[in-house]
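Structure first, then comments.
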Amino acid sequence: MEPQKKETSDKGKKVSMWGMIIAALIATAIIIFIDLEGNALKWFCMLLIFIVAGFQSFVDWKFLKGSKEYMVTLLVLVIGVTLSYFII
């Protein structure tokens, strides 16, 4: 029998959605108005992954009481930043 995944509350879903929208708008504005090349692009990607995954991890921790699902998001954060550093 598989353990059931807990659902985020409505407030948590709203916070997550608005946080992702704000992050996407800021990232889009930076990409449009600032010419990123080489190292700047690498650090921008790493920072974006860190902010988005860190925010999602916080939302999971805050709104999924009694769950350890935020640990998965933290693992994705570490793997994403590490891959960005070595691949880009």
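For the pair Ser16 (side chain) and Gly12 (backbone), a donor-acceptor distance under 3.5 Å is absent. Side-chain N or O atoms of Ser57 include none that pairs as donor or acceptor with a backbone N or O of Ala53 at under 3.5 Å.
To the nearest 0.5 angstrom, Ser67 atom OG is 13.0 Å from Trp61 atom CH2. Distance check, rounded to the nearest 0.5 Å: CE of Met17 to CD1 of Ile22 gives 10.0 Å. Taking OG1 of Thr73 as the reference point, atom CG of Leu77 lies at 9.0 Å (rounded to 0.5 Å). Rounding to the nearest 0.5 Å places OG1 of Thr82 at 10.0 Å from CD1 of Ile87. Separation of atoms CG (Leu48) and CD1 (Ile31) is listed at 7.5 Å; rounding is to 0.5 Å.
Under a cut-off of 6.0 angstrom, the local environment of NZ in Lys14 is sparse, with at most 12 non-hydrogen atoms contributed by other residues, nucleotides or ligands. Within a 6.0 Å radius of CZ in Phe55, other residues, nucleotides and ligands contribute more than 12 heavy atoms. Within 6.0 Å of the CE atom in Met71, the count of heavy atoms belonging to other residues, nucleotides or ligands does not exceed 12.
Exactly one residue among Asn39, Ile34, Leu36 makes a side-chain contact (heavy atoms from CB on, under 4.5 Å) with Phe44. That residue is Leu36.
Judged by the 6.0 Å distance and 45° axis criteria, Lys11 is not positioned over the aromatic ring of Phe63.
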